[in-house]
Amino acid sequence: MYPSKFDYHRPSSVQEAVQILSANPEAKVLAGGHSLVPVMKLRLATPTALVDIGRIEELQGIGRANGSLRIGACVTYHEIANSDVVREAAPLLAEAAGQIGDRQVRYRGTIGGNLSHADPASDLPAAALALDATLHVSGPNGSRSVGASDFFVDLMMTALQLDEILTAVEIPAAQAGSGSAYVKFEHPASGYALCGAAAVVTRTADGSCASASLCFNGVSATAVDAAAVASSLVGSDLSDAAIESAVNENLSIPDPTGDMFASAAYRQELAKTIGAQALCTARDRA
Ligand SMILES: Cc1cc2nc3c(=O)[nH]c(=O)nc-3n(C[C@H](O)[C@H](O)[C@H](O)COP(=O)(O)OP(=O)(O)OC[C@H]3O[C@@H](n4cnc5c(N)ncnc54)[C@H](O)[C@@H]3O)c2cc1C
């Protein structure tokens, strides 16, 4: 299938890109194109203009300053997975990015595209939630920052307005004594997550749990923050038994997805198994 006709713009700044979007409500941002182009070919999306942000310098780059990691929206999964800076400051993000699709997808797909598209089966939304990321956004009225917990609104729906661009993702650098893990049970054909669990655990000097975070992709319309599991672990000895009972007693997925690949009940159970695995691995790495 061929997409319907569209104009092509290649702005050189965020400001210029926002101006084009503001002037044309039917326009869409093009980043890596690995989600947008397929839906255009199927005519599920028929934008009259594409605003290609791939060559905007200010959307590139990975940097670390003042205890935070900043990743430009157009940084690819390949760059994230292979960056020493990301591996050190946010190893969970590097691990999740390294599990996305195949090599071609990882070379083209971007962190900004992944989070903006907000596909429930994508790998990065749960990592962004678990890492308490802040998403920086620019629009016609200037810039604003949105916490990951407010960014994912509903199925493929985010807090972004039509004329706004996600410009960067900021993540607090990993604390001493913390460990993390991303565990994914993937669909064997597409590689998308039937269930993906992102866990972060911080231990005190005596080894008990100081803080924890457990978030999921693939099990509901948006990424899920299993806050009740995380808070029930605080103060525990993080033994296998403590993790298992925290997950079994406190994990409840709101409106779990049931589809041709897996029923809602199956996904609920899968989330318990994968969630416990992610927490145990995060503990071992802390
Ligand atoms: C074969 C295949 C396998 C895949 N497997 C996986 C997988 O296992 N896990 C996974 O997570 N994903 C997977 N994907 C999806 C892939 O990760 C996409 O790259 C991603 O969903 C979108 O990122 P993109 O940069 O390609 O964005 P695009 O496709 O260019 O854009 C996607 C959407 O986001 C909007 N957008 C993009 N960037 C911005 C921005 N900065 N600000 C505002 N809006 C923006 C666009 O307008 C569009 O609506 C797969 C894709 C393919 C083709």
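In each ligand, atom 1 is the first atom listed, and ligand 1 is the first ligand listed.
Using a 4.0 Å cutoff on heavy atoms, Ile100 counts as a contact of ligand 1. Taking 4.0 Å as the cut-off, Leu124 does not count as a neighbour of ligand 1 on heavy-atom distance. The closest approach between any non-hydrogen atom of Glu186 and ligand 1 is not below 4.0 Å.
Scanning the protein for heavy atoms near atom 25 (O) of ligand 1, the closest one is Thr110 OG1, 2.7 Å. When only non-hydrogen protein atoms are considered, atom 5 (N) of ligand 1 lies nearest to Gly101 CA, 3.5 Å. Residue, atom and distance of the protein heavy atom nearest to atom 1 (C) of ligand 1 are Val105 CG2, 3.9 Å. The protein heavy-atom contact nearest to atom 41 (N) of ligand 1 is Leu166 O, 2.9 Å. In terms of protein heavy-atom proximity, atom 51 (C) of ligand 1 is closest to Tyr192 OH, 3.4 Å. Nearest protein heavy-atom neighbour of atom 33 (C) of ligand 1: His117 ND1, 3.6 Å. Counting only heavy atoms of the protein, atom 47 (O) of ligand 1 lies nearest to Val29 O, 2.6 Å. The single protein non-hydrogen atom nearest to atom 49 (O) of ligand 1 is Lys28 NZ, 3.3 Å, given as residue, atom name and distance.
Of the candidates Gly113, Ala73, Ala127, Gly113 brings a heavy atom nearest to atom 37 (C) of ligand 1. Atom 39 (C) of ligand 1 has its nearest heavy-atom neighbour, among Ser116, Ser35, Pro38, Ala45, in Ser116.
Those atoms of ligand 1 that come under 4.0 Å of a heavy atom in His34, given as number and element, are 18 (C), 19 (O), 26 (O), 29 (O), 51 (C), 53 (C). Counting atoms of ligand 1 from 1 in the listed order, those under 4.0 Å from a heavy atom of Gly32 are 24 (P), 25 (O), 26 (O), 27 (O), 30 (O). Interface atoms of ligand 1 facing Leu160, defined by a heavy-atom separation under 4.0 Å, are 43 (C). The ligand atoms of ligand 1 that sit less than 4.0 angstrom from a heavy atom of Ser122 are 10 (C), 11 (O). Those atoms of ligand 1 that come under 4.0 Å of a heavy atom in Gly109, given as number and element, are 19 (O), 25 (O), 26 (O). Here is the list of ligand 1 atoms found below 4.0 Å of a heavy atom in Gly191: 8 (O).
Glu79 places a side-chain N or O within donor-acceptor distance of the main-chain N or O of Thr76, the cut-off being under 3.5 Å. With hydrogens and angles disregarded, a donor-acceptor distance shorter than 3.5 Å links the side chain of Thr158 to the backbone of Leu160.
To the nearest 0.5 angstrom, His136 atom NE2 is 4.5 Å from Ser145 atom OG. For the atom pair Asp119 CG and Leu124 CG, the distance stands at 11.5 Å (nearest 0.5 Å). His9 NE2 to Asn24 CG: the interatomic distance, rounded to the nearest 0.5 Å, is 6.5 Å.
Remark: Glu95 does not engage Arg87 in a salt bridge, criterion side-chain N to carboxylate O under 4.0 Å. One finds no salt bridge joining Asp237 and Arg203 here, because no Lys/Arg side-chain nitrogen approaches an Asp/Glu carboxylate oxygen to under 4.0 Å.
When only modelled atom types and interatomic distance are considered, Tyr77 and Asn114 share a side-chain donor-acceptor pair under 3.5 Å.
Applying the side chain to side chain contact (heavy atoms under 4.5 Å, CB included) test between Val201 and each of Ile243, Thr281, Leu238, Leu214 identifies Leu238 as the sole match.
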Can you give me every donor-acceptor pair (side chain of residues 186-200, partner residue at least two apart or in another chain, under 3.5 Å) with its distance?
{"unit_1": "His187", "atom_1": "ND1", "unit_2": "Ala189", "atom_2": "N", "d": "3.0"}
{"unit_1": "His187", "atom_1": "ND1", "unit_2": "Ser190", "atom_2": "N", "d": "3.2"}
{"unit_1": "Ser190", "atom_1": "OG", "unit_2": "Tyr192", "atom_2": "N", "d": "3.1"}

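Residues meeting the side chain to side chain donor-acceptor pair (under 3.5 Å) test with Asn217, sequence neighbours left out: Tyr182.
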Let's go through Phe6 and Lys28 carefully: what are the C-alpha distance in whole Å and the side-chain angles of both, what is the deciding distance for side chain to side chain contact (heavy atoms under 4.5 Å, CB included) to 0.1 Å, and is it a yes or a no? CA-CA 10 Å; Phe6 56 87; Lys28 269 206 158 293; over 6 Å; no
Could you give me the CA-CA distance, side-chain angles and deciding distance for Ile80 and Ile71, then say whether side chain to side chain contact (heavy atoms under 4.5 Å, CB included) is met? CA-CA 9 Å; Ile80 291 170; Ile71 304 177; 4.3 Å; yes
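Between Ile165 and ligand 1, no N or O atom pair is found at a separation short of 3.5 Å.
Heavy atoms of Lys184 found under 4.0 angstrom from ligand 1 belong exclusively to the side chain.
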